[in-house]
Amino acid sequence: MSRPAGADRPVPRTYWVAGTAVLLALLFAAAATVAAANGGGSADPGAAAPAAAPRVPGLRSADAGFARDMAVHHQQAVEMSFIVRDRTQDEAVRTLAYDIANTQANQRGMLLGWLDLWGLPKVVADEPPMSWMGAAGGHGGHAGHEAAKPGALMPGMATKEELDQLGAASGRDAEVLFLQLMTDHHKGGVAMAEGCAQRCETPVERALAQGMVDAQRSELTLMEDMLRQRGAAPRG
């Protein structure tokens with residue numbers, strides 16, 4: 001049986017970020033469970049009062065909004081990575097796509113898992129994307145950052161037409177377009193993760209967000225180098 005491209009590579013630092021966040025998420029869930037179990041009080045009147053259960057984020061909190069929006073943002077990165085994997089045989093691009101797909105699918109699972117843990121919906125019908133980032137959020141963009149382009153749900157995300165273009169390209173054309181689209185995608189993701197690192201109140205989520213910022217900035221540098229090797233450059 002053939003193995004996926006990049007399967008024998010050393011573990012990239014994005015995996016360490018995701019793995020650390022998984023461990024923290026499990027510890028967070030365990031602490032919440034223990035606190036809930038102790039919430040009814042102790043039968044021993046001399047026992048110390050039980051610790052208060054962790055505060056659950058509200059429906060429209062930054063914690064919940066980031067989890068919902070970044071899960072959607074990550075899903076498109078996974079989709080683009082699978083598309084380019086089938087449109088080129090270039091080992092470097094396929095390996096990068098494999099790393100992004102695995103890391104972001106893992107992180108997306110954690111974000112959706114936290115929403116389940118908090119008893120919050122994964123979709124809120126009347127909530128504009130990025131509204132959790134404050135008064136300057138929403139479709140119009142957020143303070144200090146570029147707005148979503150027409151046809152894109154959030155800053156950095158590709159449009160349907162761009163995804164169709166990627167699916168129709170092959171070889172070097174597919175590689176360049178993927179690297180350009182993913183560069184834009186990462187820039188939007190970094191801005192969103194920085195927002196959570198500043199606004200979210202759940203420590204483990206802030207840690208994951210900062211890990212995303214660090215890892216995706218590193219990948220931005222890598223993708224700029226890969227574009228240069230192909231005689232191209234990031235868009236814009």
Side-chain angles (χ1 to χ4, degrees), residues 14 17-18 20-22 24-29 32 53-82 100-160 163 181-182 184-216:
T14 48
V17 171
T20 300
V22 169
L24 291 172
L26 292 173
L27 292 173
F28 175 81
R55 186 189 69 82
V56 174
L59 176 66
R60 301 187 187 279
S61 64
D63 307 65
F66 173 76
R68 285 190 287 265
D69 282 349
M70 189 57 88
V72 173
H73 210 270
H74 272 16
Q75 180 58 33
Q76 188 183 77
V78 173
E79 179 183 358
M80 289 195 295
S81 297
F82 280 127
I100 290 173
N102 275 274
T103 299
Q104 297 209 13
N106 188 359
Q107 292 172 346
R108 182 174 184 271
M110 286 186 284
L111 295 167
L112 296 177
W114 286 332
L115 290 171
D116 283 339
L117 180 67
W118 299 332
L120 298 175
K122 298 177 178 66
V123 177
V124 178
D126 62 345
E127 180 180 69
M130 313 295 291
S131 59
W132 57 273
M133 293 195 72
H139 258 312
H142 41 96
H145 297 293
E146 188 175 333
K149 61 192 170 189
L153 185 62
M154 284 178 271
M157 292 186 70
T159 64
K160 181 182 182 302
L163 293 178
L181 291 175
M182 193 60 76
D184 292 345
H185 204 274
H186 270 22
K187 288 178 179 177
V190 166
M192 193 189 307
E194 286 176 332
C196 177
Q198 296 167 3
R199 294 170 173 82
C200 292
E201 297 185 6
T202 305
V204 67
E205 191 175 19
R206 286 201 310 271
L208 176 64
Q210 186 59 54
M212 290 177 185
V213 171
D214 297 339
Q216 291 192 25

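Only this structure's heavy atoms are used, side chains among them; waters, hydrogens and symmetry mates stay out.
Between the CG atom of Leu111 and the CD atom of Gln75 there is a distance of 12.0 Å, given to the nearest 0.5 Å. Atom CZ of residue Phe66 and atom CG of residue Leu208 lie 6.0 Å apart, to the nearest 0.5 angstrom. Separating the CH2 atom in Trp118 from the OG1 atom in Thr202 is a distance of 4.5 Å, to the nearest 0.5 Å. Remark: Gln104 CD to His186 NE2 distance equals 6.0 Å, nearest 0.5 Å. The structure places CG of Leu163 at 5.0 Å from CD of Gln76, a figure rounded to the nearest 0.5 Å.
Heavy-atom minimum distance, Thr159 versus Pro150: CG2-O, 3.5 Å. The two residues Ala158 and Met80 come nearest to each other via the heavy atoms CB-SD, 4.2 Å. Closest non-hydrogen pair, Arg199 versus Ala62, comes out as CB-CB, 3.8 Å. For the pair Val78 and Ala105, the tightest heavy-atom approach, listed with the atom from each and the gap, is CG2-N, 3.8 Å. The nearest pair of heavy atoms linking Met154 to Pro129 is CG-CB, 3.6 Å. Nearest heavy atoms, Ala64 versus Leu120: CB-CD1, 3.7 Å.
Each salt bridge (charged side-chain N to carboxylate O under 4.0 Å, His left out) pair with one or both residues in residues 63-72, not counting sequence neighbours, appears once here: Arg68-Glu127.
Considering only residues two or more places apart in sequence or on other chains, Glu205 meets the side chain to side chain donor-acceptor pair (under 3.5 Å) condition with none of them. Glu79 pairs by the salt bridge (Lys or Arg N to Asp or Glu O under 4.0 Å) definition with nothing, not counting sequence neighbours. Partners of Arg108 by salt bridge (Lys or Arg N to Asp or Glu O under 4.0 Å), not counting sequence neighbours: none found. Taking the ring pair (Phe, Tyr, Trp, His ring centres under 6.0 Å) definition, one finds that His185 meets it with His73, sequence neighbours left out.
Residues Thr103 and His74 form no side-chain contact, since every pair of their non-hydrogen atoms from C-beta on lies 4.5 Å or further apart.
Looking at Arg206, its side chain does come within 3.5 Å of a backbone N or O of Glu201 through a donor-acceptor pair.
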Inset, instruction - Would you please test Arg60 and Ser131 for side chain to side chain contact (heavy atoms under 4.5 Å, CB included) and show each step? - result: CA-CA 9 Å; Arg60 301 187 187 279; Ser131 59; 5.9 Å; no
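Looking at Met130, Met192, Lys187 one by one, the single match for side chain to side chain contact (heavy atoms under 4.5 Å, CB included) with Pro155 turns out to be Met130.
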